[in-house]
Amino acid sequence: MAGIIAHEGFPGILTTSNEQFASNERPVLTERECESEAKKESPTCIRAERSYEGNFGCGKVESRLPRPKGTAFIINISGKTVRLTEKRDLPDLPLPGDSICFEASWYPVTPPSVPGAFDTQNWLKSQNLAAYGKFKHWKAYPGDWTFERSFFKFRQFMQARFAKFLDPAETGLLMGLLAGDRSGIPEVLRSDFQRSGLVHVLAISGFHVVLLAGMLMIFLKATGLPHKIVIIIAVTLLAIYVPVTGGSPAVRRAVMMFAIPQIGTLFGKPANTLNSLGVALLLIILPEPSVIWNPGFQLSFAATAGIIIGTPHNPTKLLPDSFKQNKLWQKIQAFAIDPTYVTLCATLATAPFLIHHFKTLSPFAWFGNIIIVPAISLGMQAGLFAQLSPIDFICGTFCAAARFFLRLASLLTRILSDSAAASMTVGPFSPAVLLALGILILLLPVCYKNYIARKYAFICVIAAAALFAFESYCEVLHPSWTLTTIDVGQGDSHLIKAPSGRYFLVDAGDNSRQDSGKDIIVPFLHHIGVNKLDALIITHPDKDHFGGALSLLKMFPVRELWTSDCSMKESKPDWQQVLSEARKRNIPIRNIHRGILWKENYFEMRTIHPRNDVCVEANEGSITLRLKGLGHSAVLTGDLTVKGEKEIMKTDAYLKSEVLKLGHHGSKTSSSVPFLNAVSPTYAIIPSGRKNRFRHPHKQVTYRLDSLNIPYINTAKKGTITFTFVPDSVSYTTMW
């Protein structure tokens, strides 16, 4: 096959010329020939769609990955791998090892437009992918046998066996726990585990391998085989288990840590667990050094190291021997204290990494591990025994047991995650603070008996306190306030930070294509260190302004919800659901209208529209705010129309501000020349989506701005925009 050439539109995306569209040195059928073959029901031509516009390529299928929406294929093209998705449920999809020629529509790879958002470019790099996209057309040819094909068919066999007795959600959860295939886990359940700090339970890691290894050793010993034979069989089976589950670093680490001590006993050389961890670390890093920057890899090793280092220093060992020999105490320690302490060690060890990567910690993670992990463990064991049962009746019985424990775990997780405080913002902290925190955690287990450890722990505490004090001093000495327009696509969302550190969010974007609240705003708030919102302000009940509010109220602490009285009367079901969620969580709903003023030192936020005595069309009645502080001001207009602008100019003689957020995403129904002259902004903000169907901003509006010499910044071109107001200047930064 000829070499790969780069796609002109998206650097790094792979394609081939028409002459290179070949597989296994066999000629590729033309469209007419393919139609002819299809009429003959030939297996050599599998049609997906009649389209030849786009990029062509040929390669070999390395793996086939079921996904919630379709099937993803990892395809090797001359040593480069790409990921392509077939979103329809078609028969006879290619298997690993098959050759495939395709036409693909590639997804653009752009830098994140919001701080803290998902970074596609880094994700592709971490997965060793050159590009990703979806199939437009493909032809597959039977290929050679590969190990991955056997593993894939084995996973299909497991899924079919569970599906005979369990619901799809339960089958998906068991497949995720036992085989690493999380495609069948409902998104709601996955979100619950993530918010409660228990998402590690769903990813096959040391917990699953230790459980499986223990069950395997018990089963093999029960057969009466010699101990050395038992060890060899167990290590071999677990080595095979690694590729079955996808071979993540956490699984490889856990299997190596089990195998190294067991192999040591074969030669009469018992291994130290910390040394085993070090050997596993080297064996994983040496062939793939970049894996050290993988968050999952860091968390897995940190948790294991925390357990190994902390467990020998359990504080209960300081108790008198007479007390420790008490049978009641021994039972309490075995069933409650020791498991709790192990979980605490893992939680503390992973805390610096969680703060660094995600700026969050779950207050319920420690408690959740205690009450939910045992239920998951029992469900896993029942599922494994169901797979090993040769008779359907026995298999069904074990599946029923698995159903009970998994539903119990899901219910408990839902209860924990239902609190807005389930995921708490911690940070962002500088690397120096996190380093001091990490050293302090390492020293804690030996502080009570080691003077040097106590001394260095004290130094770490003093250093961290000094850094915190310095940062707080700088904030007090140099007050400022900020206005951030978050890039939520074709929608509005603006974060206001007052000089005192209070935060107000004006609008919450849309949830039609992507839930702005869950996928954009909450990660952004965590990333910049926001602990809570003092108010969520919804300017009017249009979906591109309140769409993300429901998930935001569920996932993030909000003290109050502000909107107009007319908006509260709006009967849209989605909007009423937002109001109901606020009432359910005892969040006060404030009626905001002209004349309402929120004020603190150096800063005020005044509502200049709408009136409270009459209800008008939603856009015309958009809440309009004027922010003022440290000698500067800004105006936020929602979807305000020209008619609303005239109403404001009748009552507010002085509107002049440095920053104006244009009404209705730059629509021609807003931003009239008289209003622009009245505000006379130094900068105008236009929040609009890239290639939006409304073609916002309208040419008439941009012409008005140009004619008045008002520079404008569009989120579609610059991403998230942050204005910083200090006593002597106004400056802004953008993502791009």
Neighbour count above 12 (heavy atom, 6.0 Å) for [X] [atom1]:
X	atom1	result
Gln121	CD	no
Tyr703	OH	no
His356	NE2	no
Lys572	NZ	yes

Q | Residue pair Arg690, Asp487: steps toward the salt bridge (Lys or Arg N to Asp or Glu O under 4.0 Å) verdict | A | CA-CA 10 Å; Arg690 282 169 283 284; Asp487 181 16; 2.9 Å; yes
Let me confirm one number: the [atom1]-[atom2] distance from [X] to [Y], rounded to the nearest 0.5 Å.
X	Y	atom1	atom2	value
Thr734	Ile713	OG1	CD1	7.5 Å
Gln576	Glu570	CD	CD	8.0 Å
Phe353	Leu434	CZ	CG	9.5 Å
Trp598	Ile496	CH2	CD1	9.5 Å
Leu579	Thr563	CG	OG1	7.5 Å

**Q.** Set of side-chain contact (heavy atoms from CB on, under 4.5 Å) partners for Asn511, sequence neighbours left out
**A.** Asp515, Lys543
Q) So which of Leu660, Ile648, Thr624 actually passes side chain to side chain contact (heavy atoms under 4.5 Å, CB included) with Leu655? A)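 Only one option passes, and that is Ile648.
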Q: Test His545 against every option in Val506, Val488, Asp510, Asp492 by the side chain to side chain contact (heavy atoms under 4.5 Å, CB included) rule and name the one that passes.
A: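 Single side chain to side chain contact (heavy atoms under 4.5 Å, CB included) partner of His545 among Val506, Val488, Asp510, Asp492: Asp492.
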Q. Is it the case that Thr641 and Glu620 place a side-chain donor and acceptor less than 3.5 Å from each other?
A.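 Looking only at side-chain atoms, Glu620 and Thr641 do not form any donor-acceptor pair under 3.5 Å.
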Q) If you measure only the distance, is there a donor-acceptor pair under 3.5 Å linking the side chains of Asp613 and His593? A)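 No.
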**Q.** Full working for side-chain contact (heavy atoms from CB on, under 4.5 Å) between Leu525 and Thr425
**A.** CA-CA 8 Å; Leu525 295 176; Thr425 304; 5.9 Å; no
Q) Is the shortest distance from a Lys or Arg side-chain nitrogen in Glu617 or Lys643 to a carboxylate oxygen in the other one below 4.0 Å? A) no
Q) Would Glu604 and Arg606 pass as an ion pair if we require N to O under 4.0 Å? A) yes
(Q) Tell me if the centroids of the rings in Phe723 and Tyr683 come within less than 6.0 Å of each other. (A) yes
Q) Can we call the ring centroids of Phe546 and His540 under 6.0 Å apart? A) no
(Q) For a salt bridge (Lys or Arg N to Asp or Glu O under 4.0 Å) check, start with the C-alpha distance between Lys497 and Asp534, then their side-chain angles and the critical distance, and finish with the verdict. (A) CA-CA 10 Å; Lys497 180 186 178 183; Asp534 288 85; over 6 Å; no
Q: Decide yes or no on side-chain contact (heavy atoms from CB on, under 4.5 Å) for Ser633 and Arg626, but give the supporting numbers first.
A: CA-CA 7 Å; Ser633 58; Arg626 187 168 187 264; 3.3 Å; yes
(Q) Tell me every residue that passes ring-ring contact (aromatic ring centres under 6.0 Å, His included) with Phe675, counting only those two or more places apart in sequence or in another chain. (A) none
Q: Carefully, step by step, assess Asp565 and Asn612 under the rule side-chain hydrogen bond (donor to acceptor under 3.5 Å, both in side chains).
A: CA-CA 7 Å; Asp565 185 56; Asn612 195 38; 5.9 Å; no
Q: Start with the C-alpha distance between Tyr132 and Trp123, add both sets of side-chain angles, then the distance that settles ring pair (Phe, Tyr, Trp, His ring centres under 6.0 Å), and finish with yes or no.
A: CA-CA 11 Å; Tyr132 79 122; Trp123 171 76; 5.6 Å; yes
